[in-house]
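Hydrogens, waters and symmetry mates play no part in the numbers below; they use all other heavy atoms, side chains included. First the proteins, then the strands, lettered A, B, ... as listed; each starts at 1.
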Amino acid sequence: MYSASDLRKNLKIQIDGDPYVITDFQFVKPGKGQALYRCKLKNMITGSQFERTFRSVDTFQQADLQDRRMQYLYPEGNKYCFMDMESYEQVYLTEDQIGDAINYMIDNLEVDILFFGDRPLGITLPNFIDLVVTQADPWIKGDTATGEYKPATLETGYQIQVPPFVVEGEKIRVDTRTGEYVTRVKD
Amino acid sequence: MKKESLLARRKTNLVVRARIIEAIRLFFTDRAFLEVETPIRIPAPAPETHIDAIPSDGWFLHTSPELCMKRMLAAGYEKLFQLTKCFRHYERGSRHLPEFTMLEWYHGGIDYERLMAECEDLLIFISRYIGKGDSVTYQNRTVSLVKPWGRLSVREAFKRYSPLPLETVLADDRFDEIMVTCIEPGMDSDRPVFLFDYPRPLGSLARLKRDDPTIAERFEIYAGGLELANAFSELTDEEEQRSRFREEREQRVRLGKTEYPMPDRFLNDLSGMPEAAGIALGVDRLVMFFTDSPSIDEVVAFTPEEL
């Protein structure tokens with residue numbers, strides 16, 4: 001149980017059976033009046049947002065959220081299948097739930113999936129993922145325009161900017177938080 | 001290159017802050033007010049429902065110097081002001097610090113309407129003293145300090161800005177919520193506004209209107225949407241004050257809050273207090289207004305989190 005004084009940005013609470021994340025938080029107190037907590041909340045299932053003002057006497061249930069380690073198996077139509085590495089249970093996430101992580105979905109990738117009860121909500125990738133370059137212009141040695149990045153396509157279809165010396169067939173490391181090239185990787 | 005620290009970046013604001021405090025002292029001493037100091041640590045804060053004092057070795061840190069200053073008023077100090085640190089438990093937000101600076105003054109022989117005029121004079125004086133002239137820009141809003149400022153009764157404000165009538169809001173204990181969500185946004189105007197005449201339960205140290213005892217003679221100042229000050233025509237009736245304090249104490253007990261001892265010495269002295277008006281003005285908020293700072297953090301050297 002949380003009390004109003006626990007409220008802060010990014011806290012996850014449960015209201016009317018749904019999990020919400022606090023996206024904005026403001027402590028206000030008019031004149032000689034009572035303390036109020038103005039919050040913007042986002043429903044973690046539907047994504048819908050609303051504003052609500054809480055009082056110091058209000059209490060909140062903790063949202064029943066849990067990260068589970070899962071392995072990516074395969075796409076199926078618009079859905080993506082993952083398997084719990086302990087129970088072998090399989091779950092499907094929609095394209096919307098996967099979001100930008102779609103750029104990194106390679107077979108057997110291990111990710112954290114956030115569950116609300118039995119319901120998968122979203123995905124957390126490892127910070128760095130190594131991917132093979134499937135298409136890139138060749139490196140012209142002696143190119144004076146070094147430092148100029150060039151476009152490349154990775155095995156997932158992700159289009160990325162890489163340094164000129166990166167060639168097809170090589171493996172590179174990508175920072176999933178920024179979506180940017182980090183370094184070449186030797187197998 | 002070393003990044004300029006938060007503290008270093010606040011220097012411009014802290015310089016203005018010092019000038020504002022200089023201006024306040026000049027304004028009041030020029031008008032024959034006596035600057036006083038009263039103890040910060042006291043045995044019995046005023047029992048107000050929603051103001052919590054920080055305990056200090058069996059006593060409390062004052063939440064305002066009100067009671068001591070009124071005892072001085074009763075003892076014949078007719079015009080007095082104080083700049084002091086006040087402490088309020090659990091108050092922390094972009095406009096709140098648990099330790100903040102208060103300017104409080106009492107003026108014997110006047111009522112809250114004449115005090116409004118004094119407030120207008122003070123802000124114009126400060127503004128000119130720090131070189132801002134008669135208008136100040138706060139968060140993209142130009143606020144003219146030229147007299148007279150706006151005057152709006154709480155009843156009128158509710159008619160204008162609230163989706164619910166004042167009576168309903170009071171009955172449902174939603175006054176503060178509607179204040180914050182509907183009324184205060186309406187106070188962000190091109191001149192400061194005096195919001196005045198609060199329902200009786202919302203001004204426990206204020207005198208009631210002679211022709212309408214459901215209304216307390218209380219006002220708040222809003223400038224650029226910022227709440228700057230709270231003022232009353234002071235209640236001088238000891239019995240009435242005692243019963244109002246009892247109501248507030250019962251409220252505190254109902255809400256499970258710390259019970260404060262009755263401030264008996266203050267109550268005993270009250271019968272000798274002349275008619276007067278008094279006001280508490282948040283100096284940090286005033287500095288926010290004059291330095292165009294969206295957060296109170298930007299007008300103090302250190303926030304509690306930075307210590």
Please check if atom [atom1] in [X] has more than 12 non-hydrogen atoms from other residues, nucleotides or ligands closer than 6.0 Å.
X: K42(A); atom1: NZ; value: no
X: K79(A); atom1: NZ; value: no
X: Y88(A); atom1: OH; value: no
X: D175(A); atom1: CG; value: yes
X: K40(A); atom1: NZ; value: no
X: E86(A); atom1: CD; value: no
X: R155(B); atom1: CZ; value: no

Validation row: F27(A), H96(B) side chains within 4.5 angstrom (heavy atoms) | yes
Got E184(B) and V28(A) here, is their nearest side-chain heavy-atom distance under 4.5 Å?
-> no
Ion pair R55(A)/D176(B), N-O distance below 4.0 Å | no
What part of S5(A) is in contact with chain B, defined as an atom under 4.5 angstrom from a non-hydrogen atom: side chain, backbone, both or neither?
-> neither
Approximate separation, where rounding is to 0.5 Å, of L36(A) CG and M179(B) CE = 11.5 Å
Winner by heavy-atom pair count (cut-off under 4.5 Å) against chain B, out of S56(A), A35(A), P30(A) | P30(A)
Partner of V180(B) under side-chain contact (heavy atoms from CB on, under 4.5 Å), chosen from R38(A), Q26(A), K29(A) = R38(A)
Of the listed residues (I183(B), I51(B), T181(B)), which shares the most heavy-atom pairs with chain A below a 4.5 Å separation?
-> T181(B)
Answer with side chain, backbone, both or neither: which region of R218(B) has an atom nearer than 4.5 Å to a non-hydrogen atom of chain A?
-> side chain
Against chain A, label Y90(B) side chain, backbone, both or neither, depending on which of its atoms sit under 4.5 Å from a heavy atom there.
-> backbone
Closest heavy-atom pair and its distance - F232(B), K32(A) = CZ-CE, 3.6 Å
